[in-house]
Chemist: 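Just passing along the structure, written as structure tokens.
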Amino acid sequence: MENQESKTELNILIQRRLEELKELKEKNIEPFAYSYDVDSKSSEIKNSFVEDEKKDVKVAGRIMAIRRMGKASFAHIQDNYGRIQFYIKKDDIGEEAYSVFKLLDIGDIVGISGYVFKTKTGEVSIHTKELTLLSKSLRPIPIAKEETDEDGNKVVHDQFTDKELRYRQRYVDLIVNPEVKDVFVKRSKIITQLRKFMDNLGILEVETPILQSLYGGASARPFITHHNTLDMELYLRIADELYLKRLIVGGFDGVYEISKDFRNEGMDRTHNPEFTMLEVYVAYKDYEWMMEFVERMINDVCISVFGKTEFDIDGTEISFKAPWNRVSMVDEIEKETGVNVLEHDAEGLKAICKQRKIDIDGNENKGQLIDLLFEISVQDKLIQPTFLIDYPVELSPLAKPHRTRAGLVERFEGFVMGKEICNAFSELNDPIDQKQRFEDQTKMHEEGDDEAPNQVDEDYIRALEFGLPPTAGLGIGIDRLTMLLTNQPSIRDVILFPHMRPEKQVKE
RNA sequence: GGGCGCGUAGCUCAGUGGUAGAGCAUCUCCCUUUUAAGGAGAGGGUCCCUGGUUCGAGACCAGGCGCGCUCACCA
């Protein structure tokens, strides 16, 4: 069995590299070096090239292509900033050093010391004086080759495209697919800019528990874990909302957390079991203020990270420039369907749904039915950034009743391209109302809605009883925001290591 | 969970019932400004798994596993 395994092609390739490793050691070459004094970046060398200057540089990177021509060779290395070619000649570095070079492969990480020149075909390159092996690569990387066809278009051959392998072995994906790396650089910059924006406003970044004995702040099924010493069940948070508002009770004027949340639900293009949520709470503000806050913050991110507010998303021109559209949820539904949902109870809405052949299972409450009608008739039409405002109270157990419209709460969600990108409200700070709503939810849980919380968070009620100032709160899904701004089709394309079923075992 | 699709060399893929293929990668030789370098040669396969049909299965059938897309669920 073991022999069969060792006959595979991959194993032979690895075996070959192990032999090279041995030969290198016999030549007293350390194949896994300790450090290298890099003084240049590939991109800077190319951008700052001056003819005949012969500037000395030291760069390091992974060998991505080798073209050997007997006693001289060209190769490309790739560093964090791009690729650069180096030229290496036996006459320059000597027989022994050239024989070391011959033992190198695509994938090896090397340091190149030499001077910058331009080849006769015009490529800025490094004329190698000294080559240092920094890390021998034992496993062949999937090589993509690029050529430029007659029309000047870039054609990529043998690109590493298997999505499963790309997600499972993201390190390989990042090496060979540069545009993937760019998405994650953008993601990082988006988060950095969100932080800067809030920090500048004096909003304090905090950390709250991931392991919670009660879960709340959203409706979702939680992951359950166990604490051995306390011998009790703990939940991985589905939201950090209730903790952040406790901090507003405690006297902070503004807090935010960029939190990993966990929801034990289906996985698809827009759902990963763990995902990143920004939640912000600001005292003495309401949802009107928060809408302007979102406009300003997203504008700031667009300008700082992308240098623009107009985006081409799947062929549609989207403008994030403030102000965004604002439309009322129930008014829009009425506009599209002719139904004033506030005039009907749950039974009446069910009848309307059935009449219109909308698929329902009959257990929906009024809020869920309104939401259904919204999704069917309105949601897809919200293309340009739009705040959908004033939700039915049944859908929003943590939002404050609308100051003028009965049955509604002061809540908004931001939609772009028919997709939700944020959720916010004037926070409910009446402890008596809040307790009643929690109890209604717990009842829903008992009646079989396993996404409703299973018990009332009495401590949160106690906190409200001490007094929560008027507060505006906001949640933004960082993954989905990144998807939108970088035009990526799947949440897995903006999460470095998306959740996958476990591999049976790592091959070989 | 439903539907559709995919699974063949390290990578990208051909192969519609009759000897498992191509390009790149790998190995040997030649080649001191190449860039999908080039020339000559060589090696490399559990065709996802299990059963079935057949004289004969990579291909056809059934079941399974894995993955992708999509619908539903998930505010």
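No experiment lies behind these values; they were computed from the predicted model shown. Letters A, B, ... are given to chains in the order of the sequence lines, protein chains preceding strands, and every chain is numbered from 1.
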Chemist: Taking side chain as C-beta onward, heavy atoms only, is E279(A) less than 4.5 Å from E257(A)?
Modeler: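 SC-SC contact between E279(A) and E257(A) ruled out.
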Chemist: Please state how far atom NZ in K89(A) lies from atom P in rU34(B), giving the value in whole angstrom units.
Modeler: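 Those two atoms, NZ and P, are 13 Å apart.
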Chemist: Say you pick atom P in rC47(B) and the same atom in rG51(B); how far apart are they, in whole Å?
Modeler: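 Result for the P pair: 14 Å, nearest Å.
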Chemist: Between the side-chain atoms of Q85(A) and the base atoms of rU34(B), is any donor-acceptor pair under 3.5 Å?
Modeler: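 Check passes, donor-acceptor contact within cut-off.
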Chemist: Sticking with atom P, work out how far rC71(B) lies from rG56(B), rounded to a whole angstrom.
Modeler: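 Approximately 45 Å lies between the P atom of rC71(B) and that of rG56(B).
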Chemist: How many Å lie between CG on D268(A) and C1' on rC69(B), as a whole number?
Modeler: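 Rounded to whole Å, this separation is 11 Å.
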Chemist: Are R168(A) and E164(A) close enough for a salt bridge, meaning some N to O gap below 4.0 Å?
Modeler: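 So R168(A) pairs with E164(A) through a salt bridge.
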Chemist: Find the partner of rC74(B): check Watson-Crick (N1-N3 plus N6-O4 or O6-N4) and G-U wobble (N1-O2, O6-N3) distances, both under 3.5 Å, and reply none if neither fits.
Modeler: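 rC74(B) is paired with nothing.
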Chemist: Closest approach to the side chain of E420(A), judged atom by atom: which nucleotide of rA75(B), rU32(B), rC73(B) is it?
Modeler: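 It is rA75(B).
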Chemist: Have S113(A) and E130(A) got a donor and an acceptor in their side chains that come within less than 3.5 Å?
Modeler: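 There is no such pair between these side chains.
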Chemist: Could you tell me how far apart F74(A) (CZ) and rA36(B) (P) are, to the nearest whole angstrom?
Modeler: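 Distance, rounded to whole Å: 13 Å.
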Chemist: Could you tell me how far apart D173(A) (CG) and rU12(B) (C1') are, to the nearest whole angstrom?
Modeler: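 So the CG-C1' distance, D173(A) to rU12(B), works out to 15 Å.
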Chemist: State, without any angle test, whether D240(A) and S259(A) hold a side-chain donor-acceptor pair at a distance under 3.5 Å.
Modeler: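 Yes, side-chain donor-acceptor contact under 3.5 Å.
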Chemist: Please classify the nucleic acid contact of D162(A) as base, sugar-phosphate, or nothing, using heavy-atom distances under 4.0 Å.
Modeler: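 The residue D162(A) makes sugar-phosphate contact but no base contact.
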Chemist: Does rA37(B) have its OP1 or OP2 closer than 4.0 Å to a side-chain nitrogen or oxygen of R67(A)?
Modeler: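 The answer is yes; a side-chain N or O of R67(A) sits under 4.0 Å from OP1 or OP2.
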Chemist: For the pair made of CG in L372(A) and P in rC74(B), what is the distance, rounded to whole Å?
Modeler: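 L372(A) atom CG is separated from rC74(B) atom P by 9 Å.
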Chemist: With P as the reference atom in both, quote the distance from rG64(B) to rG1(B) in angstrom, rounded to an integer.
Modeler: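 It comes out at 12 Å once rounded to the nearest Å.
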Chemist: Distance between the C1' atoms of rC27(B) and rG43(B), in whole angstroms?
Modeler: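 One C1' to the other, the span is 7 Å.
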Chemist: Closest to the M69(A) side chain: rU70(B), rU32(B), rC74(B)?
Modeler: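 Of the options given, the side chain of M69(A) lies nearest rU32(B).
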Chemist: Please classify the nucleic acid contact of E375(A) as base, sugar-phosphate, or nothing, using heavy-atom distances under 4.0 Å.
Modeler: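 If one applies the 4.0 Å heavy-atom cut-off, E375(A) turns out to touch the sugar-phosphate alone, with no base involved.
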Chemist: Report the distance from atom CG of D91(A) to atom P of rC31(B), rounded to the nearest whole Å.
Modeler: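 The answer, rounded to whole Å, is 13 Å.
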Chemist: Nearest to the side chain of K163(A) - rC73(B), rC69(B), rU70(B)?
Modeler: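 For the K163(A) side chain, the nearest candidate turns out to be rC69(B).
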Chemist: Of S490(A) and D371(A), whose closest RNA chain B nucleotide lies nearer the 5' terminus?
Modeler: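 Of the two residues, S490(A) wins.
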Chemist: Under 4.0 Å, heavy atom to any atom of RNA chain B: which of residues 109-119 of chain A qualify?
Modeler: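 Residues of residues 109-119 of chain A under 4.0 Å from RNA chain B: F117(A), T119(A).
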Chemist: Check for me whether the distance between the ring centres of F425(A) and Y287(A) falls short of 6.0 Å.
Modeler: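 No - the distance between ring centres of F425(A) and Y287(A) does not fall below the 6.0 Å cut-off.
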Chemist: Atom CG of D261(A) and atom C1' of rC74(B): how far apart are they, to the nearest Å?
Modeler: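 Rounding to the nearest Å, CG of D261(A) and C1' of rC74(B) are 15 Å apart.
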Chemist: May I ask which nucleotide in the shown strands pairs with rC6(B), Watson-Crick or G-U wobble, both distances under 3.5 Å?
Modeler: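 The base-pairing partner of rC6(B), which may sit in any strand shown, is rG66(B).
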Chemist: Would you indicate what R83(A) reaches in the nucleic acid, counting non-hydrogen atoms under 4.0 angstrom: base, sugar-phosphate, or nothing?
Modeler: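 The residue R83(A) makes no contact with any strand.
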Chemist: Does a side-chain N-to-carboxylate-O contact under 4.0 Å join D286(A) and K400(A)?
Modeler: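 No salt bridge links D286(A) with K400(A).
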Chemist: Taking rG21(B) as the reference, what is the distance to rA59(B) when you measure between their C1' atoms (whole Å, please)?
Modeler: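 Comparing C1' positions in rA59(B) and rG21(B) gives a spacing of 15 Å.
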Chemist: Suppose we define a pair by two distances each less than 3.5 Å, Watson-Crick or G-U wobble; what does rU16(B) pair with here?
Modeler: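 Per the H-bond distance test, none.
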Chemist: Which parts of nucleotides 23-30 of chain B does protein reach within less than 4.0 Å, heavy atoms only, written one letter per nucleotide 5' to 3' as B for base, S for sugar-phosphate only and - for none?
Modeler: BBBSSS--
Chemist: Do Q78(A) and S42(A) have side chains that get closer than 4.5 Å, going by heavy atoms?
Modeler: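 No. Closest side-chain heavy atoms not under 4.5 Å.
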Chemist: For residues 349-385 of chain A, which residue pairs qualify under ring pair (Phe, Tyr, Trp, His ring centres under 6.0 Å), counting only residues two or more places apart or in two chains?
Modeler: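 Output for this query lists F374(A)-F415(A).
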Chemist: Can you tell me the base-pairing partner of rU32(B)? Count Watson-Crick or G-U wobble geometry only, both distances below 3.5 Å, and say none if there is no partner.
Modeler: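 Because no pair has both required distances under 3.5 Å, rU32(B) counts as unpaired.
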Chemist: Give one of base, sugar-phosphate or nothing for S396(A), where a contact means two heavy atoms less than 4.0 Å apart.
Modeler: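 Nothing: the residue S396(A), judged by heavy atoms under 4.0 Å, touches no strand.
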Chemist: With a 3.5 Å limit on both atom pairs, tell me what rG51(B) is paired to, counting Watson-Crick and G-U wobble, or say none.
Modeler: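 Across all strands, the one nucleotide that pairs with rG51(B) is rC61(B).
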Chemist: Under a 3.5 Å cut-off for both distances, is rU46(B) Watson-Crick or wobble paired, and to whom?
Modeler: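 rU46(B) is paired with nothing.
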Chemist: What integer number of Å spans the C1' atoms of rC49(B) and rC29(B)?
Modeler: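 My reading of the C1' atoms in rC49(B) and rC29(B) gives 43 Å.
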Chemist: Taking atom types as modelled and ignoring hydrogens, do the side chains of Y243(A) and Q212(A) form a donor-acceptor contact shorter than 3.5 angstrom?
Modeler: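 The answer is no; no qualifying pair exists.
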Chemist: Which value, in whole Å, describes the distance between the C1' atoms of nucleotides rC48(B) and rG5(B)?
Modeler: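 To the nearest whole Å, 16 Å.
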Chemist: Could you work out the separation of rC69(B) and rG15(B) based on their P atoms and round it to a whole Å?
Modeler: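 Their P atoms lie roughly 24 Å apart.
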Chemist: Should E123(A) and K46(A) count as an ion pair when the cut-off is N to O under 4.0 Å?
Modeler: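 Salt bridge between E123(A) and K46(A), a charged N being under 4.0 Å from a carboxylate O: no.
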Chemist: As a test of reading the structure: which of rG66(B), rC71(B), rC11(B) is closest to the side chain of E164(A), going by heavy atoms?
Modeler: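 Comparing rG66(B), rC71(B), rC11(B) against the side chain of E164(A), the answer is rG66(B).
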Chemist: Please state how far atom NE2 in H499(A) lies from atom C1' in rC67(B), giving the value in whole angstrom units.
Modeler: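 Spelled out: NE2 on H499(A) to C1' on rC67(B) is 14 Å.
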Chemist: Are Y167(A) and D493(A) linked by a side-chain donor-acceptor pair shorter than 3.5 Å?
Modeler: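 Short answer, yes.
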Chemist: Compare side-chain N and O positions of R168(A) against OP1 and OP2 of rG66(B) and report whether any pair is under 4.0 Å apart.
Modeler: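 So the side chain of R168(A) is outside the cut-off, no N or O lying under 4.0 Å from OP1 or OP2 of rG66(B).
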Chemist: Under 3.5 Å for both donor-acceptor distances, Watson-Crick or wobble: does rC27(B) have a partner, and if so which one?
Modeler: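 Across any shown strand, rC27(B) pairs with rG41(B).
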Chemist: Between the side chains of K22(A) and E20(A), is the shortest nitrogen-to-carboxylate-oxygen separation below 4.0 Å, so that they form an ion pair?
Modeler: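 A salt bridge is absent here (no side-chain N lies under 4.0 Å from a carboxylate O).
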Chemist: Out of rG66(B), rU12(B), rC11(B), which has the shortest distance to the side chain of T161(A)?
Modeler: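 The closest nucleotide is rU12(B).
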Chemist: Going by atom types alone, do Y87(A) and H127(A) pair a side-chain donor with an acceptor below 3.5 Å?
Modeler: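 Y87(A) vs H127(A): no donor-acceptor pair found between side chains.
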